[in-house]
Every structure is written in C-alpha cells, then in structure tokens.
Amino acid sequence: MDKRKVYLDNNSTTPLDPRVLDVMFPFLKEKWGNPNNIHVWGREAREAVETARENIKRMINCRDGNVYFTSGGTESNNWALKGIAFANIDKGKHIITTKIEHKCVLNTCKWLEKQGFEVTYLNVDREGFIDFDELEDALRKDTILVSIMLANNEIGTLEPVREACELVKDKSNAYFHTDACQAIGKMEVDVESLGVDLMTISAHKFYGPKGIGALFIRNGVKIDPLLHGGGQEKNMRSGTENVAGIVGMGKAAELVMKELDADKEKLRRFQKMIIEEILEKVKRTHLNGPSDLEKRLPGNVNFSVEGVEGESIVMMLDDYGIAVSTGSACSSKQLIPSHVLMAIGLKPEVAHGSVRISAGRFNTDEDIAYFLEVFPGVISKLRSISPLWQG
Ligand SMILES: Cc1ncc(COP(=O)(O)O)c(C=O)c1O
C-alpha cells in the first residue's frame with residue numbers, strides 16, 4: 001500500500017488556503033505600513049484592514065455592531081467574558097456557561113471565580129446538548145452573561161444557540177456570547193438570526209492564518225477592553241494591527257462566502273462515509289456526539305474504540321501518514337480524559353480510547369478511501385497487543 005499524507009485534523013487547525021497566502025504576501029513584503037498613519041503607506045494598510053473587516057462582517061451578516069480584530073479565539077473568548085464581567089459588575093456577578101466549552105472559556109471562568117464572580121456550568125446530555133430547563137433554572141436577576149458555544153470542537157455538537165439566546169433574552173437581561181470558532185467555514189453563521197450579542201471568530205479554523213481572530217460585538221453592549229494602549233480598534237483593542245493576518249482572514253471570509261455550500265456538502269459526505277463504514281467494520285466502536293448529522297458539525301467524527309488507547313491510534317495512524325487527534329492528553333505520565341467526553345458521561349477507560357477525525361476543504365475522496373482502508377487494520381493490530389482488549 002502506498003503511503004500517502006492525509007490530514008484529517010481540521011478541527012485543530014485548517015491548512016492555509018494558497019489563495020489566502022497570495023493576498024497576505026504583499027502586506028509582509030512591500031505594503032508594510034502601519035494603518036494608524038495618515039501617509040500613503042498607512043492609508044494603504046488601513047484600506048486593506050477595513051476591506052477585510054467588511055468581508056468578515058458580511059460573512060456573519062453583521063448589521064448591528066462591529067467586528068474587532070484580536071489575536072485569535074482565545075483572546076476573543078477572554079475578552080468577551082472578562083470584558084462583560086467587569087463592565088457590568090453593577091448589575092451582577094453571575095455567569096452561565098457549559099461544561100463542554102473550550103478550555104479558554106472554562107479557564108477564564110475559573111479565573112473570574114477567583115475574582116469574586118459566580119459561574120454556573122451547565123450539564124449536557126449523552127450527545128453534548130444543553131437542557132433548556134436547566135438553563136432557565138440557572139438564570140438569575142444578577143446573571144450578566146451566558147456563554148454557549150455554537151459547535152463543539154471535540155464531538156461536533158451544534159448547540160441550539162438561537163433558541164437558547166431567545167430564552168435568555170426572554171427571561172433575563174443577560175448578554176449572550178457564543179464561541180463560533182469551529183462553526184465558521186463549515187456551516188452558515190448569521191449573528192442576526194442567532195440574536196447573539198457577542199461572537200468569537202478564529203481565522204485558522206477556516207483556512208486563514210494563525211494568530212488572528214475577531215470578536216463581534218453588537219451595538220449597545222457594555223464591555224471593557226481587555227488590552228489597553230494606543231487606542232486602536234476604536235479604543236476597544238489596542239495594539240498595532242496584524243495587517244497581513246487581517247488581510248488573510250478577510251480573504252478567507254470571502255472564500256467562505258463563495259465556497260461554503262460546496263465545502264459543506266463535501267464535509268457532510270465524508271463524515272457520513274466515515275461514520276457508516278467504521279461503525280460497520282470495526283466492532284465495539286461507538287460514535288461520540290450527535291448521531292443526527294444535521295445536528296453535528298460537518299466534517300467532524302469522534303469515536304470511542306474499545307480496548308485501545310487514543311494516543312496509540314494517533315501514533316500508529318501517523319506512521320501511515322494520517323493525522324487525527326485524541327481526546328486524552330498525556331500529561332505528567334497520567335492520561336487525562338477530555339472534559340468533554342467526561343461531561344457526556346463516558347467512563348474514563350472508554351474516553352481514553354477516543355479518536356477525532358475531522359475533514360476539511362482540501363480533503364479528497366482518495367484521502368477518505370485511504371483512511372477507511374487503513375483504520376480497521378490499525379485497530380486490529382493495536383487490539384492484538386493491548387492488555388485492555390478482551391475480544
Ligand atoms: C471552540 C474553540 N474555541 C476557541 C479556540 C481557540 O482559538 P485560537 O486557537 O484561535 O486561540 C479553539 C481552538 O482550538 C476552539 O476549537
């Protein structure tokens with residue numbers, strides 16, 4: 001069998017689209033001006049930054065608010081949570097989020113708890129969905145913010161954000177934030193139809209460069225800046241703009257607007273093929289996350305494979321040139337199962353055998369065929385040497 005190189009870890013990061021790189025180059029080479037200057041170099045950079053902003057606003061249908069550039073999803077999530085918390089302290093100190101958010105939300109919440117805020121972490125069901133009754137019960141007079149992700153990065157659950165936001169608006173005065181890092185580029189994301197007040201975006205999840213992202217903030221939202229300094233981004237996010245990164249993100253947004261339908265159709269097809277074939281061919285393998293693909297992030301698959309460890313699967317697939325991820329992280333010689341897999345109720349030993357396969361724009365039918373050819377053999381080999389496997 002020929003060894004190919006197949007990247008199926010697009011939920012970790014996506015490859016930079018060559019068309020994005022092409023438009024970034026001039027801004028690293030000859031168009032290196034500072035957009036805050038009024039001379040021709042500055043004006044050229046400013047124009048590029050504002051064109052990119054318009055593209056991103058169009059991509060998310062932003063009509064009543066603005067997008068502010070940040071260094072990525074982590075900063076945007078930190079800003080949304082800390083910025084709302086401290087600007088609205090007069091209204092209350094209670095925040096609601098879920099147990100399956102990305103660590104940059106959960107660890108920010110933990111830090112806020114140390115600063116005297118109170119955080120409710122909502123449970124999720126076996127497929128990762130929040131419960132509306134629990135959300136409603138958690139809302140209080142002093143709740144200032146609810147933060148619920150649009151698409152989970154591990155198990156692909158698409159949270160019912162529009163309905164949750166409607167409920168929160170109906171029953172409270174809290175702001176609503178969503179982390180849309182994984183959703184953008186793989187499904188329609190429209191801030192008007194979602195109704196959210198704040199939304200986090202990260203370019204490297206939709207074929208843009210790393211180290212650049214944005215926070216959508218609706219008009220009228222009371223939020224403090226996270227970074228103070230020279231007053232860039234309308235005093236909301238200081239620091240000289242990452243012009244090449246912003247231009248790249250703008251191009252990536254333009255490509256999403258043009259190609260989303262085709263990308264989505266392909267990702268759905270690959271996802272279905274992988275799920276159906278692996279569940280059929282590899283016995284005692286279970287799908288984590290929603291089984292209804294309409295409620296699942298296109299391209300995302302997450303399996304628990306009994307009798308083997310996720311890290312071994314990742315390593316052996318790597319030998320075959322295939323890149324995937326696992327939900328267990330090896331740290332200080334202890335295998336720590338993912339908080340998401342724990343939250344959906346998996347036993348630690350089952351969570352340890354988890355593997356995430358995530359397809360993207362550049363995957364081909366041949367890539368998927370190669371993966372499907374290799375995967376069952378890898379699992380058989382690992383099971384044959386595993387003390388955990390009682391076949
Ligand atoms: C759901 C989600 N939120 C936030 C982030 C962090 O984004 P960034 O890598 O741009 O800081 C990620 C990245 O893995 C993510 O998947």
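We count ligands from 1, going down the list as the structure has it; atoms in each ligand are counted the same way.
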Query - Euclidean distance, Ile344 CD1 relative to Ser338 OG, rounded to 0.5 Å - result: 7.5 Å
Query raised in the report: Taking the side chain as C-beta and beyond, is there a heavy-atom pair between Leu106 and Tyr121 under 4.5 Å?
Result: yes
Query raised in the report: When rounded to the nearest 0.5 angstrom, what is the spacing between CG in Asn36 and CD in Glu241?
Result: 4.5 Å
Requested in this report: Below 4.0 Å from any atom of ligand 1, which residues have a heavy atom? Give them in chain and number order, please.
Outcome: Gly72, Gly73, Thr74, Asn77, His102, Cys104, Met149, Asn153, Asp179, Cys181, Gln182, Ser202, His204, Lys205
Query raised in the report: Does Thr108 use its side chain to pair, donor to acceptor, with the backbone of Asn78 at less than 3.5 Å?
Result: no
Requested in this report: Look up atom CG in Asn288 and atom CZ in Arg296, then write down how far apart they are to the nearest 0.5 Å.
Outcome: 7.5 Å
Query raised in the report: Taking ILVMFWY side chains as joined if any heavy atoms are under 4.5 angstrom apart, and letting links pass through other members, which residues group with Met24?
Result: Leu16, Val20, Leu21, Phe25, Leu255
